[in-house]
Amino acid sequence: MRSHNAYKGHLDGCSDLSQDERDIIIGFVEYRDTVQPTTTNTRLRQGYGSVWVCRRLHDVNTTLDKATIKNFLAVAQAANFGTKNTRQTYITTLKGLSHYIHRFVHPIVNIELLDDVKAGSAQRNRKEALTLDEWNTVLNLPMSARDRAILAVMYDGYHRPAEVLQLKWSDLKITNSGIEYDVLFKTDIHRTIVQKPGTTAILEAWRRESGQPVGCTLPIFPAHGNGHYETIIVLKKLFNRLKKDTGIKTLKPSIIRTSALTHDVEAGMPISYICLRAWGIPFNEIINLYTKPDSGKIQREQHVKDGIHQGKIIGTSGKFSITSDPMKEEMERLMKTFNPDDFIRYWTWVKEHPEG
């Protein structure tokens, strides 16, 4: 398991940072943990994001301990060149770090101008995804057992790129239903992944080749020295090779999660199943950004499952039907209590006196 102070190791490896900048970043990360306890991965993201801010400040010839609001706004502008999710991460870190500096290091004149900078959000359209044929092409390419296992585990667990690199063999629990494991990453919510048998078979081929015993504490996909990877560069290199081999221009590490989500929706898997695997909760409206389900198809198939066919018209249980309609029976009963002549005279009067 990674140390809660793993982010400090990343800072120590950044020779372009001054000691003052390191001290500010450490103070910021520890302060956020004091305000609200944060996970190891959250602290790492804060550390990585803060280093990015420092380096963008270096690009405009200043440092973290001397930056002005003009410098911080320049950093915000630099965050435009990336995905929307990346921009959100950088802007959130930039705002938190600058307010920490304003309160505890030195005043930043006009810091309120940063409030005008919006982190942005994912576009309200369908996320980019591979077709099912493209995914099958990728998975069946000639490759090492390790690379195929990475792809299979990423796809099966709807994993964000960095998640798969943090898994250890000891995370995998053997149950009567197969392999299960928990993931805690971006959302700080536990997600339980019940691995599909096909994925387990691919992963077992890699375990045997790597020679690791069941339940050992090493990463499933270790870096040199059997430690965890600090970045996802290894995945970027893998996907660059796959892109070259397949000619699929959209191939990148993040597309596997969106593809798996999309394929399961198109296959008619329950939304609660998909949301629990993806976010650890029964429903998340963000699913609409990843998928565009066929509403009519889903409803028709659900009606068939619930027995709503052959004239059944009310309720998903199929309890009521045209041949046995409580509403119709109640109307017939009421009609028997009316004198037809009184009924006709009443509606004639209503017609002649529309004002009531």
Side-chain angles (χ1 to χ4, degrees), residues 1-60 62-67 71-72 75-76 78-79 81-83 85-101 104-105 119 150 154 159-168 171 183-188 217-239 252-254:
M1 175 178 281
R2 281 188 169 188
S3 164
H4 206 45
N5 291 321
Y7 78 96
K8 293 182 180 179
H10 176 63
L11 297 183
D12 290 341
C14 298
S15 59
D16 54 332
L17 301 187
S18 69
Q19 188 58 51
D20 285 339
E21 289 176 316
R22 285 193 184 86
D23 290 342
I24 290 173
I25 294 172
I26 291 172
F28 165 62
V29 174
E30 298 303 325
Y31 171 72
R32 298 304 304 170
D33 187 59
T34 300
V35 173
Q36 180 176 340
T38 51
T39 65
T40 297
N41 283 319
T42 296
R43 289 157 68 91
L44 279 168
R45 290 199 303 275
Q46 291 170 344
Y48 294 153
S50 296
V51 170
W52 181 87
V53 171
C54 280
R55 288 173 174 166
R56 299 296 75 76
L57 289 172
H58 295 174
D59 291 341
V60 292
T62 190
T63 55
L64 191 60
D65 52 311
K66 298 177 182 177
N71 302 140
F72 284 119
V75 173
F81 302 98
T83 66
N85 285 341
T86 300
R87 174 179 164 79
Q88 283 181 294
T89 300
Y90 286 155
I91 295 299
T92 300
T93 302
L94 171 64
K95 287 185 173 183
L97 184 58
S98 60
H99 279 89
Y100 172 83
I101 293 171
F104 298 105
V105 182
I150 288 175
M154 287 180 71
H159 286 302
R160 301 173 180 91
E163 289 178 347
V164 75
L165 299 178
Q166 302 309 311
L167 289 174
K168 304 185 299 296
D171 292 330
V183 181
L184 179 64
F185 195 67
K186 183 176 179 180
T187 58
D188 290 340
T217 57
L218 293 177
I220 295 177
F221 306 109
H224 294 297
N226 288 328
H228 286 285
Y229 284 100
E230 297 292 337
T231 70
I232 64 168
I233 291 177
V234 63
L235 296 181
K236 291 181 178 179
K237 290 180 178 179
L238 168 60
F239 277 79
K252 54 188 174 183
S254 61

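Everything numeric here is computed off the predicted structure, so don't read it as measured data. Position 1 is the first residue of the sequence; numbering continues from there.
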Over all atoms of both residues, closest heavy-atom pair of [X] and [Y]:
X	Y	result
S254	P161	N-CG, 3.9 Å
H159	V183	CE1-CG2, 3.5 Å
H228	Q166	CE1-O, 3.3 Å
D16	H58	O-CE1, 3.2 Å
L11	G47	CD2-O, 4.4 Å

What distance do [X] atom [atom1] and [Y] atom [atom2] have between them, rounded to the nearest 0.5 Å?
X	Y	atom1	atom2	result
R22	S50	CZ	OG	13.5 Å
I233	L165	CD1	CG	11.5 Å
F72	I101	CZ	CD1	4.0 Å
R87	L94	CZ	CG	9.5 Å
L238	I232	CG	CD1	11.5 Å
D33	T39	CG	OG1	9.5 Å

*asked:* Set out, in order, the CA-CA distance, both residues' side-chain angles and the distance that settles side-chain hydrogen bond (donor to acceptor under 3.5 Å, both in side chains) for D20 and S18, then state yes or no.
replied: CA-CA 5 Å; D20 285 339; S18 69; 5.1 Å; no
*Donor-acceptor contact below 3.5 Å, side chain Y48 vs main chain H10*: no
_Any donor-acceptor N/O pair, R43 side chain to Y7 backbone, under 3.5 Å_ = no
*Of V51, V53, L57, the residue whose pairing with R55 passes side-chain contact (heavy atoms from CB on, under 4.5 Å)*: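 The option that passes is V51.
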*Check each of I24, D23, I25 against L17 using the side-chain contact (heavy atoms from CB on, under 4.5 Å) test, and report the only one that passes.*
I25
*asked:* Walk me through whether T93 and W52 qualify under side chain to side chain contact (heavy atoms under 4.5 Å, CB included).
replied: CA-CA 9 Å; T93 302; W52 181 87; over 6 Å; no
_Checking K168 against L218 for the side chain to side chain contact (heavy atoms under 4.5 Å, CB included) test, could you report, in this order, the C-alpha distance in whole Å, the side-chain angles of both residues, the deciding distance, and whether it holds?_
CA-CA 6 Å; K168 304 185 299 296; L218 293 177; over 6 Å; no
_T92: partners by side chain to side chain donor-acceptor pair (under 3.5 Å), with sequence neighbours left out_ =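 Here no residue qualifies.
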*Worked check of side chain to side chain contact (heavy atoms under 4.5 Å, CB included) between F28 and L64*: CA-CA 12 Å; F28 165 62; L64 191 60; over 6 Å; no
*Dump the intermediate steps for side-chain hydrogen bond (donor to acceptor under 3.5 Å, both in side chains) on T42 and R45, then the final yes or no.*
CA-CA 5 Å; T42 296; R45 290 199 303 275; 3.2 Å; yes
_Does Q19, at its CD atom, have more than 12 non-hydrogen atoms belonging to other residues, nucleotides or ligands within less than 6.0 Å?_
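Buried by this count: over 12 neighbours within 6.0 Å.
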*Aromatic ring pairing Y31/Y100, orientation class (parallel under 30°, perpendicular over 60°, tilted between)*: tilted
